[in-house]
Amino acid sequence: MTDGREIPEELARLAEQARVLVRRAGAPRKGGKCVVYWMQRAMRAVDNPALDVAIAAGNLLGLPVVVFFAVIPNYPNANLRHYHFMAQGLRDVAEDAAERGVGFVLRRHPDHSLEAFLEEVQAALVVGDENPCREPERWRRVLARRLRLPFWTVDADVVVPSRVFGRSYFLLHHFRPHLKMELSKYLVSGTKIAPHYPWKAAGPPGFSVLEDITAGFKGLDRTVRPVDSFTGGTRRALKRLREFVSRELAGYEETRNHPELKGTSRLSPYLHFGNIGPATIALAVQKAVRQGKASAGAGDRFLEQLIGWRELAVLFVRHNPNYDNWECAEPWARKTLVEHAGDARPHRYSLEQMERGETGDELWNAAQREMVETGWMHNYMRMYWAKKILEWAPDPARAFEWAVTLNDRYELDGRDPNGYAGIAWAIVGKHDRPWFARPVFGLVRSMTGASTAKKFDAKSYIEQQGGAGCKLKF
Ligand SMILES: Cc1cc2nc3c(=O)[nH]c(=O)nc-3n(C[C@H](O)[C@H](O)[C@H](O)COP(=O)(O)OP(=O)(O)OC[C@H]3O[C@@H](n4cnc5c(N)ncnc54)[C@H](O)[C@@H]3O)c2cc1C
């Protein structure tokens, strides 16, 4: 046990890793009984650098580790679809934590206070994970001010910790060389760290992961139904990864832009909920390439999406307070869009018409149905979908707002840096360069229905989403 008077040297060294941010410094509580990992973003108990840091700290202090997870009814923009997926994933967390000798306590509103829990279990130190989005980052700052214990957070859901770069980048090819320099340091298989002081079976009371975690949550938006197309959790994520690597990775370069072929990993919901970490995926893909199951080109192309584009999006959200609105527009894009604000818009649709998939564009309606009915949309269709919203909305600011509203409401992977960066790419030229002048879009890259539909079998895609004229049921 620590005597609480000073920070043990090895503990101080643990906190010096680039992945760890010391939000509140100081010596662990004198006579503390455990280390608490406050899990929020990285919902997994395996391959989780935040849990690993908590276990390493526990081992140094001679203390067990307990994971604390709080369910609140008003998580920003979350609805029943998101809570349902999250609840499925928490079952795996509970099982995997128990297997690792780590405690797991789930508490629900109104018994969800982390501060109360820390007192109840006499925590010595708190470790959290990181989340670059506005509200979760604010929670961490508030806690750091209020807690009387050391509080560290760990950047657990990126391959290279964002602090290593300390800035955002205009374009992927600006970011790529910096990323390349760091990858070999961070993309390595971790050794599994085991707690030297396992958590005793009888812990503090909590809510069972088998019960309905949303029961009694008044005000929760229950209008967006859970979907069968994805089941949350680490086990499902790992299964999907194995399937992708053995079946689809080899053809990824050729099929990734074909929405009618299921050629991509469909791991984005699992990444969003932290059911799987990007390093686990990247290492599995690298292994498959080494074993000759896929070409180096396919592996590189996939890793460019998973690490290049994804971590570029995380840096954008971290460093741009307007990441989810039109104010994040690149100056050139803002100028050109303002200049074209008065251009005739041959078709205009309201947010409600778009939400119901009732536009005159069957390809767009099919994409909207894919999102509403399955909780996921193919990347190529997401690009087209958002470009059309820019064309049909009254102005670019509203186009941005409407795209965020629909994306965050229906996508299982919505409310994510990737979503904000993707919408900013499509509507306000983020991470893109000026293109050729077109009405409404100005120099922002446009996509037309005719040219998009020629690049893949659009007819087959529309058929898969119920066919032309198919209506969404709400
Ligand atoms: C308008 C628009 C909205 C988007 N909204 C979201 C969103 O809400 N959530 C989300 O996770 N992604 C979003 N994306 C990015 C991308 O479309 C999805 O990540 C991808 O389609 C997920 O499918 P997948 O897992 O099969 O991807 P794969 O092709 O298998 O790629 C593997 C992983 O790489 C990452 N990735 C792939 N493409 C991109 C990209 N363009 N930008 C950043 N990361 C990428 C994702 O984490 C993805 O899971 C959006 C893109 C656009 C253009």
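In listed order, ligands and their atoms are each counted from 1.
Other residues, nucleotides and ligands contribute at most 12 non-hydrogen atoms within 6.0 Å of the CZ atom of Arg225. Within 6.0 Å of atom CZ in Arg141, 12 or fewer heavy atoms from other residues, nucleotides or ligands are found, so the atom counts as exposed in its surroundings.
Near Phe302, the atoms of ligand 1 lying under 4.0 angstrom from a non-hydrogen atom of the residue are 30 (O), 31 (O), 32 (C). For ligand 1 and Ala386, the ligand atoms under 4.0 Å from any heavy atom of the residue are 1 (C). Listed by atom number, the atoms of ligand 1 under 4.0 Å from Gly414 heavy atoms are 8 (O). Per-residue contacts place Tyr252 under 4.0 angstrom from the following atoms of ligand 1 (heavy atoms of the residue considered): 28 (P), 29 (O), 31 (O). Atoms of ligand 1 lying under 4.0 Å from at least one heavy atom of Arg266, given by number and element, are 24 (P), 25 (O), 26 (O). Set against the non-hydrogen atoms of Arg310, the atoms of ligand 1 under 4.0 Å away are 43 (C), 44 (N), 47 (O). Below 4.0 Å from some heavy atom of Ser268 lie the following atoms of ligand 1, by number and element: 11 (O), 22 (C), 23 (O), 25 (O), 49 (O). Every atom of ligand 1 with a heavy atom of Asn379 under 4.0 Å away is listed here by number and element: 16 (C), 17 (O), 21 (O), 41 (N), 51 (C).
Taking the six-membered ring for Trp and thresholds of 30 and 60 degrees, Phe165 and Phe175 have ring planes more than 60 degrees apart, a perpendicular arrangement. Ring geometry for Tyr323 versus Tyr420: interplanar angle of 30 to 60°, hence tilted. Between Tyr252 and Phe244, the two ring planes are perpendicular [angle over 60°; tilted spans 30° to 60°]. In this pair, Trp38 and Phe151 present their aromatic rings tilted. The plane angle is within the 30 to 60° band. Using cut-offs of 30° and 60° on the angle between ring planes, the pair Trp392 and Tyr349 is perpendicular.
Checked against a 3.5 angstrom limit, the closest N/O atoms of Arg415 and ligand 1 fall outside it. For Trp309, no nitrogen or oxygen atom sits less than 3.5 Å from a nitrogen or oxygen atom of ligand 1, counting backbone and side chain alike. Considering backbone and side-chain N/O of Trp425, none are found under 3.5 Å from N/O of ligand 1.
Contact check on Glu391 versus Lys387 returns no salt bridge, with no Lys/Arg side-chain nitrogen under 4.0 Å from an Asp/Glu carboxylate oxygen. No salt bridge links Glu130 with Arg140; every basic N to acidic carboxylate O contact stays at or beyond 4.0 Å.
Ligand 1 lies out of reach of Trp385, whose nearest heavy atom is not under 4.0 Å from it. Ligand 1 is never approached by His272 to a heavy-atom distance shorter than 4.0 Å. Ligand 1 has at least one atom lying under 4.0 Å from a heavy atom of Trp376. Contact analysis leaves Ala313 out of contact with ligand 1, as no non-hydrogen atom separation drops below 4.0 angstrom.
Regarding atom 43 (C) of ligand 1, its nearest protein heavy-atom neighbour is Asn418 OD1, 3.2 Å. The protein non-hydrogen atom at the shortest distance from atom 8 (O) of ligand 1 is Asn407 ND2, 2.8 Å. Looking at atom 35 (C) of ligand 1, its nearest protein heavy atom turns out to be Gln305 O, 3.4 Å. For atom 4 (C) of ligand 1, the closest non-hydrogen atom of the protein is Arg382 CD, 3.5 Å.
Side-chain contact between Glu411 and Arg81 is absent, with no heavy atoms from C-beta onward closer than 4.5 Å.
Residue contacts with ligand 1, taken as heavy atom pairs separated by less than 4.0 Å, do not involve Ala426 at all. Of all the heavy atoms of Asp408, none lies under 4.0 Å from any atom of ligand 1, so neither backbone nor side chain is involved. With a 4.0 Å cut-off on non-hydrogen atoms, Glu411 does not touch ligand 1 at all.
In this structure, the ring of Trp425 has its center no less than 6.0 angstrom from the ring center of Phe170.
Atoms CG and CD, on Asp228 and Glu373 in that order, are 11.5 Å from each other to the nearest 0.5 Å. How far CZ of Phe273 is from CG of Leu90: 10.0 Å, rounded to the nearest 0.5 Å.
Nearest residue to atom 51 (C) of ligand 1 from Ala424, Pro417, Gly422 is Gly422 (criterion: closest heavy atom). The option with the heavy atom closest to atom 27 (O) of ligand 1, from among Pro269, Ala282, Ser265, is Ser265.
Under the ring-ring contact (aromatic ring centres under 6.0 Å, His included) rule, Tyr169 has a single partner from His431, His178, His319, which is His178.
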